[in-house]
**Q** 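Here's a structure for you.
Every chain is numbered from 1 and lettered A, B, ... according to where its sequence line falls, protein lines coming before strand lines.
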Number of protein chains: 2
Amino acid sequence: MKISTKGRYALRLLLDLAEHKNDGYIALKDIANRQNVSKKYLEQIIPILNRSDILSANRGYQGGYKLAKEPDQYKIGEILKLTEGSIAPVACLDHDPIECERAGECVTLPLWKGLYKVISDYLNSITLQDLLDNQRELYINNYVI
Amino acid sequence: MKISTKGRYALRLLLDLAEHKNDGYIALKDIANRQNVSKKYLEQIIPILNRSDILSANRGYQGGYKLAKEPDQYKIGEILKLTEGSIAPVACLDHDPIECERAGECVTLPLWKGLYKVISDYLNSITLQDLLDNQRELYINNYVI
DNA sequence: ATTAATCCCACCAAATCACTAAGTTTTAAG
DNA sequence: CTTAAAACTTAGTGATTTGGTGGGATTAAT
């Protein structure tokens, strides 16, 4: 029941891009250094995000990535669903309609459906911008500003 | 971000015991047959539950297991925490206080704390009895009774 | 032309998952 | 007192996932 590094790093990558959204294209090298994660591993995560209209990329010299939309347009749930493959707590909820033949008599199915709902409702109620705002508050509270 | 078979089977095992709570000690063999899971695998899951005051066991001929308490005294969150080891969505929340040195400046920490809260609040609001009641409703709705 | 970036493909070690095997111990019934 | 049937214990195991690394091809600004 853990979010993997793939999802967590993807989130930190996008947050890093959001924090530098006015600095043009940002190279993976810089993100890797700031976030202290492997650039090679980020290279593997990026194409998952790049497929959708999430990022805009520039190849070659002075290239890099930037967000395609404003930070408040990125729901955390969408990002995690892309990178984790699914945020459903049990595999049977990954297919709609449910394929499991025991579904009709399954005593635990309503439980998993409810859990899935609270998880996705929560994650889809929060955007990258919300996380940045919270961070700003933290800074203020800690007198870092 | 998936609940493993360990947690899911443990839940079904306890639900099976709850459904037969007036039938004395229930053998793993019978549970395995009814739930269509491997008895050998259940033998591996049982000791996790047996440590706490969750089950009462009887060894030897005509032995088996029964619930130590009424079904409404078992919170799903507690059962899953036991069998899954933890229901926290990220490892850093498994320790209290948080050991990660980046915690103070971590932009995503409030997100994970919030997610952890909605998950555990939900799972601790539901008991084995609730799942049984829901099942009864299903039966009524489907005219199985 | 050079440099610095993305992009692409393959590989790999370690951990976890989902069991299975082979027995030992305990207890009620005959 | 023997026997059958259950819980209990310990170890092993194949498949999959996780969390990366390495080597190079392609692209584009200087």
Side-chain angles (χ1 to χ4, degrees), chain A residues 1-13 16-17 20 23-33 35-51 54-68 80 83-86 88-92 94, chain B residues 1-13 16-17 20 23-51 54-68 80 83-86 89-92 94:
Chain A
M1 192 62 178
K2 291 275 187 286
I3 302 282
S4 74
T5 50
K6 234 177 190 170
R8 298 196 334 263
Y9 289 2
L11 223 50
R12 287 168 62 185
L13 189 158
D16 194 285
L17 288 180
H20 297 86
D23 303 352
Y25 287 94
I26 311 292
L28 271 194
K29 182 187 64 178
D30 298 331
I31 302 177
N33 285 340
Q35 300 294 325
N36 202 31
V37 300
S38 146
K39 179 195 155 201
K40 272 292 175 187
Y41 194 30
L42 288 185
E43 277 185 347
Q44 209 183 12
I45 295 171
I46 273 276
I48 306 172
L49 304 169
N50 221 354
R51 270 180 232 123
I54 282 186
L55 293 176
S56 129
N58 233 8
R59 300 181 66 167
Y61 191 86
Q62 296 281 54
Y65 302 93
K66 60 175 188 173
L67 295 185
L80 290 180
T83 48
E84 297 286 300
S86 153
V90 290
C92 65
D94 283 337
Chain B
M1 191 63 178
K2 290 277 187 286
I3 302 282
S4 74
T5 50
K6 236 178 189 170
R8 298 194 335 261
Y9 288 3
L11 223 49
R12 288 169 62 185
L13 188 158
D16 193 286
L17 288 180
H20 297 85
D23 303 352
Y25 287 93
I26 310 291
L28 271 194
K29 182 187 61 176
D30 298 331
I31 302 177
N33 284 340
R34 278 195 293 262
Q35 299 295 324
N36 202 31
V37 299
S38 145
K39 179 196 155 201
K40 276 291 174 192
Y41 195 29
L42 289 186
E43 277 185 342
Q44 208 185 14
I45 295 171
I46 273 274
I48 306 171
L49 303 170
N50 221 354
R51 272 180 230 121
I54 281 186
L55 293 177
S56 131
N58 234 4
R59 301 181 65 165
Y61 193 85
Q62 296 281 54
Y65 302 92
K66 60 175 187 173
L67 296 185
L80 290 180
T83 47
E84 297 286 298
S86 154
V90 290
C92 65
D94 283 337

**Q** Would you mind reading off the distance between A:Leu28 atom CG and D:dG20 atom C1', rounded to a whole angstrom?
**A** 15 Å
**Q** For DNA chain C, note the earliest and the latest nucleotide, 5' to 3', having some atom under 4.0 Å of a heavy atom belonging to chain B.
**A** C:dA18 to C:dA29
**Q** Please tell me which of A:Asn50 and A:Tyr61 maps to the more 5' nucleotide of DNA chain C, matching each residue to the nucleotide holding its nearest heavy atom.
**A**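 Upstream on the strand: A:Tyr61.
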**Q** What is the distance from OH of B:Tyr65 to P of D:dA5, rounded to the nearest Å?
**A**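 Rounded to whole Å, this separation is 18 Å.
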**Q** Side chain to side chain contact (heavy atoms under 4.5 Å, CB included) with A:Arg59: which residues, sequence neighbours excluded?
**A** none
**Q** Is there a side-chain polar atom (N or O) of B:Asn58 under 4.0 Å from OP1 or OP2 of D:dA6?
**A**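 False: B:Asn58 side-chain N/O out of range (4.0 Å or more) of D:dA6 OP1/OP2.
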**Q** Taking only heavy atoms on the protein side, list every residue of residues 39-49 of chain B lying under 4.0 Å from any atom of DNA chain C, sorted numerically.
**A** B:Lys40, B:Tyr41, B:Gln44
**Q** Could you tell me if the side chain of B:Glu84 sits less than 4.5 Å from the side chain of B:Ile3, heavy atoms only?
**A**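 They are in side-chain contact.
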**Q** Tell me, please, which residues at least two apart from B:Ala57 pass side chain to side chain contact (heavy atoms under 4.5 Å, CB included).
**A**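 Expected list: B:Asn50, B:Tyr65.
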**Q** Where the side chain of A:Arg59 is concerned, which of D:dA7, D:dT27, D:dG20 is the nearest nucleotide?
**A**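 Minimum distance to the A:Arg59 side chain belongs to D:dT27.
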**Q** Can you list the residues that meet the ring-ring contact (aromatic ring centres under 6.0 Å, His included) rule with A:Tyr25, with sequence neighbours excluded?
**A**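 Partners of A:Tyr25 under the ring-ring contact (aromatic ring centres under 6.0 Å, His included) test: none.
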**Q** Once side chain to side chain contact (heavy atoms under 4.5 Å, CB included) is applied, do any residues pair with B:Asn33, and if so which ones, sequence neighbours excluded?
**A** B:Lys29
**Q** Does D:dT17 have its OP1 or OP2 closer than 4.0 Å to a side-chain nitrogen or oxygen of A:Ser4?
**A**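 False: A:Ser4 side-chain N/O out of range (4.0 Å or more) of D:dT17 OP1/OP2.
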**Q** Rounding to a whole Å, what distance do you find between B:Asn33:CG and D:dA6:P?
**A** 10 Å
**Q** Just N and O in the side chain of A:Lys6: are any of them under 4.0 Å from OP1 or OP2 of D:dT18?
**A** no
**Q** My understanding is that only residues two or more places apart in sequence, or in another chain, count here; which of them pass side chain to side chain contact (heavy atoms under 4.5 Å, CB included) with A:Ala88?
**A** A:Ser86, A:Leu93, A:Asp94, A:Tyr116, B:Lys2
**Q** Find the distance A:Glu84:CD to D:dT17:P and express it as a whole number of Å.
**A** 13 Å
**Q** So which one's nearest nucleotide on DNA chain C is more toward 5', A:Asp30 or B:Gly60?
**A**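 The residue whose closest nucleotide sits nearer the 5' end is A:Asp30.
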**Q** Measuring from the side chain of B:Ala27 (C-beta onward, heavy atoms only), which nucleotide among D:dA29, D:dA6, D:dG20 has the closest atom?
**A**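 Taking heavy atoms from C-beta onward, the closest nucleotide is D:dA6.
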**Q** Could I get the full list of ring-ring contact (aromatic ring centres under 6.0 Å, His included) partners for A:Tyr61, not counting sequence neighbours?
**A**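 For A:Tyr61 there are no ring-ring contact (aromatic ring centres under 6.0 Å, His included) partners, ignoring immediate neighbours.
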**Q** Taking it one step at a time, do B:Ile26 and B:Arg34 satisfy side-chain contact (heavy atoms from CB on, under 4.5 Å)?
**A** CA-CA 12 Å; B:Ile26 310 291; B:Arg34 278 195 293 262; 3.4 Å; yes
**Q** What does A:Tyr25 touch in the nucleic acid at a heavy-atom separation under 4.0 angstrom: a base, only the sugar-phosphate, or nothing?
**A**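 Contact class for A:Tyr25: none.
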**Q** Figure out the CD1/C1' separation between B:Ile26 and D:dA5, and round it to whole Å.
**A** 15 Å
**Q** Under the side-chain hydrogen bond (donor to acceptor under 3.5 Å, both in side chains) rule, collect the residues that match up with B:Gln62, sequence neighbours excluded.
**A** none
